[in-house]
Novice: 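Dropping the structure in here first, questions after.
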Amino acid sequence: MFNSIWMKRRSVILTWLFSYVAILFLPILIGVFVYRESNAALEDEIHRANDALLKQVREIMDNEFESVLRLNTEITWNTKVQDLMYANKLGRDDYQYSLYQVAMDFKMYKTFYPQITGFYVYYTPGDTGIMPGLVRSGKDVYEEVHNNPDFSYDDWLSMITSRKEPAFVPMVYRGVNGSTHRSIAHISYFTSNLDTKPEGAAVILVDGSKLLAALQNVQLFNGGEVLVLNKENQILLSSSETNQHPVLTNRVLSEDQGFFHETYNGQDSVFYYIASQKTNLKFVTIMPSAVVWQKAINVRWITYISIILSILGGSLLTFFFLKKNYNPIKQLIHTFTDESAGRLHDGSNEFQIIQHMISNTVNEKEQVKIRLKQQNYLLRSNFMTRLLKGRLDNQIPIEDALPAFDMHFDSEQYAVLLLYLETNNQFFSSIKGKNENEKAKLLQFIVANVVEEIMNARHIGYMTEIDDMLACIINFRETGQAGSLTELRQMASEAQQFLKNKFQIELTVSISNIHTSIVDLSIAYKESVDAMEYKLIMGRKEIISFHEIQNEALGEIPQGYYYPLQVEQQLINFLKIGEYDRAKETLDNIVDRNLKINQISLPLARCLMFDLVSTMLKALHEIGDTQEESSGGSLKEIEKLTACETMQDMHEQLTEMLKEVCSNNLAKRKSTLIQIRHQDLQTLTQNIVRFIEENYQDADMNISMIGLRFDMKSTYLSKLFREQTGEGLLDYMNKVRIVKAKELIESQNITLNDISSLVGFSDVNALIRIFKKYEGVTPGKYKEMYLK
């Protein structure tokens, strides 16, 4: 048995047992204490009782004001509110949209804080008040929320625009039926510079009547009054109609807790006060001294009697109530799982187990709600997709399925708008702090909401994502007039322009015909898809109507397209020789004649695209660039061509490709010409050298003679020779003759006159002068040096 009790030492039954035993001995201990120090004990008991009352009041009030502070934190730290207050959005394009976003967030806060009577934010630069789901001027906010003669508009405006710290103040609140109520308002300010007025203020109101119930209970218990004071000792709330009293305004309640005696309403009273643990408020109870001591005497007699009753019947009652109170908890514990029951051995008692299970149940309930909301959105999107594609379950009528997804239609006129989101680099670059996936989701969210809002302004529209596009089901309202395609085009254009101007979002829109049955929505979707395919011809960012395409199909459409073989060969030849201007002119002529003059059909446009890609492949093959990754005509560029979605895109891509290919071909031709010229110059130089070495004995050989020999001007020939060899032509001839002269001097015993004639000098003096110029000595001196 002892082991069983020890295993259940954390159980609540032992806690209750010790509590009941303590209750049995408490009267005896109190009696002894009363007899020994009755006065001190009574006074201490009274003070402790009032302290407990004050703590009870503080706990109740702190719990109420905690939600106010929590809501104030969410409002002041809301990124959209801070962006509005500190980004100076007044006058900007997205100013109204920012106000709308904040109002929608406040609407959500209203749901999360039902105990809050009301709240709003005042934006000083724009004189604008933002309430849950509403945006009003400052004057309208005052008239709707307050509007009391004792609290004028100027008083209100001065209060929320003054530079003060966050504070609780008394404020009049105007109810729905026009009646006024006392309320406690918490005001916090948005300020970026302490020397200027705040940019705005957040005001949260709590109806005083919701707090008076708890205060009235305290009043009945002690027969006094309970007050709530702010930091300036101003009365915010009172359990009775009490005006501001000099005792409260003149007395400084500097400590967190205490009491003092003062005369109040003509009689001696005791003031007990305590500071809030979560706010800068103070809670005060005021009790007449006579009432306090009268209750003390009654408590003393009751104490004597309780001691006797506790001794006589305490033991029996303890056993009876202990068993009776524990049985329901024991049965409740048995309804939980074995795992929960085992928690007793882990240091948890029965109440902790019940609390844990209730918390888990509440959390699971919230998670289920969130999952149901997400799944309902997915199911609705899937339903709309199957409705558009004609794949609905025939076992469930459409009329029964629509209410399940919160959808309703007013008439039997339907149409489908298909929206293709083009590349929106400007929009993505304007969004900071989000990854690409988040930016894409935000893009679809904005487009879906804008289009739905524009469509619902006149008719009924539902958006869904389908096949990498957004589809909008349009149902025309019962206005007495049939829906028209002109109106659809006008609404599509309005959405297109708004998204372009406000968010830099560009899209292509296709419109189906109008059908008279919800079953025909699949036909309308197919028509919008067919119309969207004509983006290939009409280009991006257009509004394409299936009705217009259908009318064009009934007219005369060319059975072929203009692209003869000779034109293709001309384009290839222009690419090969690098004639970009003429190649571009040929390409522009092909595109214009097929798209602007003859208006070819969609299948023929696809054929023309493939034909142009084929031409580029032929040209690159003949040029020999298909394997060069750095070339503009590489295979990667061909892949870009095949990925083009419109003829305009392909036209632009082909133009760029023509430019790069022609530029590369011209560069290659220039490089080839430079190489050929270099080789020719090298050959010319070698021929000149050979000619000089063969004719150096001729005294008439000079630069002019060599120029005549090679049919070139002497000056130009000399310049080319110097560029190739680094020395002048005359210097080279003289050096050749000097070399031959040295050989004759070294090998034969002949005179200088003979040597000069043999090496091509006209006289011996010329030989001596030139020899000394290049060798530094005369021929005779050189011969002496050689013989030595």
Novice: Tell me, please, which residues at least two apart from S522 pass side-chain hydrogen bond (donor to acceptor under 3.5 Å, both in side chains).
Specialist: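 So S522 forms no side-chain hydrogen bond (donor to acceptor under 3.5 Å, both in side chains) with any residue.
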Novice: Quick check for you: to the nearest 0.5 Å, what is the distance between F151 atom CZ and Y173 atom OH?
Specialist: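 Rounded to the nearest 0.5 Å, the CZ-OH separation comes to 14.0 Å.
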Novice: Determine whether more than 12 heavy atoms belonging to other residues, nucleotides or ligands lie under 6.0 Å from atom CZ of F445.
Specialist: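 Counting neighbours around CZ of F445, 12 or fewer heavy atoms of other residues, nucleotides or ligands fall under 6.0 Å, so no.
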Novice: Could you state the interatomic distance from CD (Q101) to CG (L99), rounded to the nearest 0.5 Å?
Specialist: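 Rounded to the nearest 0.5 Å, the CD-CG separation comes to 9.5 Å.
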Novice: Could you tell me the separation between the NE2 atom of H515 and the CD atom of E527, rounded to the nearest 0.5 Å?
Specialist: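 H515 atom NE2 to E527 atom CD measures 3.5 Å (nearest 0.5 Å).
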Novice: Take atom CD of E453 as the centre, draw a 6.0 Å sphere, and report whether it contains more than 12 heavy atoms from other residues, nucleotides or ligands.
Specialist: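 No.
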Novice: Do N363 side-chain atoms and S359 backbone N/O form a donor-acceptor pair below 3.5 Å?
Specialist: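 Present.
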Novice: Does the separation of the ring centres of F476 and Y414 fall below 6.0 angstrom?
Specialist: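 They do not qualify: ring centres at least 6.0 Å apart.
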Novice: Can you list the residues that meet the ring pair (Phe, Tyr, Trp, His ring centres under 6.0 Å) rule with F427, with sequence neighbours excluded?
Specialist: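 Ring pair (Phe, Tyr, Trp, His ring centres under 6.0 Å) check on F427 returns nothing, list empty.
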Novice: For K500, which residues count as a salt bridge (charged side-chain N to carboxylate O under 4.0 Å, His left out) partner, sequence neighbours excluded?
Specialist: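 Partners of K500 under the salt bridge (charged side-chain N to carboxylate O under 4.0 Å, His left out) test: E506.
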Novice: State plainly whether the residues D62 and K278 are in salt-bridge range, i.e. N to O under 4.0 Å.
Specialist: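 K278 and D62: not salt-bridged.
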Novice: With a cut-off of 6.0 Å (strictly less than), are more than 12 heavy atoms of other residues, nucleotides or ligands near CG of N501?
Specialist: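 Counting other residues, nucleotides and ligands, CG of N501 exceeds 12 neighbours.
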Novice: Which residues pass the side-chain contact (heavy atoms from CB on, under 4.5 Å) test with D154, sequence neighbours left out?
Specialist: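 Counting only residues at least two positions away or on another chain, D154 forms a side-chain contact (heavy atoms from CB on, under 4.5 Å) with S152.
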Novice: Any salt bridge between K389 and D467, counting N to O under 4.0 Å?
Specialist: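 Salt bridge between K389 and D467, a charged N being under 4.0 Å from a carboxylate O: yes.
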Novice: Looking at R458 and E494, does any basic side-chain N land under 4.0 Å from a carboxylate oxygen?
Specialist: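 Yes, charged N to carboxylate O under 4.0 Å.
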Novice: Tell me whether the rings of F503 and Y97 are parallel (<30°), tilted (30 to 60°) or perpendicular (>60°).
Specialist: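 Ring orientation, 0 to 90° scale: perpendicular.
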Novice: For the residue pair N78 / Y109, report whether a side-chain donor-acceptor contact shorter than 3.5 Å exists.
Specialist: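 The criterion, which ignores hydrogens and geometry beyond distance, is satisfied for N78 and Y109.
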Novice: Parallel, tilted or perpendicular: which fits the ring planes of Y95 and Y123, with parallel below 30° and perpendicular above 60°?
Specialist: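 The arrangement is tilted - the two ring planes meet at 30° to 60°.
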Novice: Please check if the distance between the ring centroids of F119 and Y113 is under 6.0 Å.
Specialist: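 Ring centres of Y113 and F119 not closer than 6.0 Å.
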Novice: Let me confirm one number: the NZ-CD distance from K231 to E165, rounded to the nearest 0.5 Å.
Specialist: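 So the NZ of K231 and the CD of E165 are separated by 5.0 Å.
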Novice: Between Y420 and D468, does the side-chain hydrogen bond (donor to acceptor under 3.5 Å, both in side chains) criterion hold? Intermediate values first, please.
Specialist: CA-CA 8 Å; Y420 182 84; D468 297 328; over 6 Å; no
Novice: Is there a donor-acceptor contact under 3.5 Å from the side chain of T191 to the main chain of P198?
Specialist: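 Not a single qualifying donor-acceptor pair exists.
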Novice: For K526, does the NZ atom sit with more than 12 other heavy atoms under 6.0 Å from it, leaving out its own atoms?
Specialist: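 Atom NZ in K526 is not packed in, count stays at 12 or less.
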Novice: Quick check for you: to the nearest 0.5 Å, what is the distance between I474 atom CD1 and M463 atom CE?
Specialist: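 Atom-to-atom, I474:CD1 and M463:CE are 8.5 Å apart.
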Novice: Taking only residues two or more places apart in sequence or in another chain, which ones pass side-chain hydrogen bond (donor to acceptor under 3.5 Å, both in side chains) with S381?
Specialist: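 S381 satisfies side-chain hydrogen bond (donor to acceptor under 3.5 Å, both in side chains) with T464 only.
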Novice: What pairs with R489 under side-chain contact (heavy atoms from CB on, under 4.5 Å), at least two apart in sequence or on another chain?
Specialist: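 By the side-chain contact (heavy atoms from CB on, under 4.5 Å) rule, R489 matches I511, I543, S545, E548.
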Novice: So, D155 and S158: side-chain donor and acceptor under 3.5 Å apart, yes or no?
Specialist: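 No pair is found: no donor N or O on one side chain lies under 3.5 Å from an acceptor on the other.
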Novice: Let me confirm one number: the CZ-CG distance from F168 to N280, rounded to the nearest 0.5 Å.
Specialist: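 Rounded to the nearest 0.5 Å, the CZ-CG separation comes out at 7.0 Å.
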Novice: Do S137 and D127 have side-chain atoms, one donor and one acceptor, less than 3.5 Å apart?
Specialist: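 D127 and S137 do not have a side-chain donor-acceptor pair below 3.5 Å.
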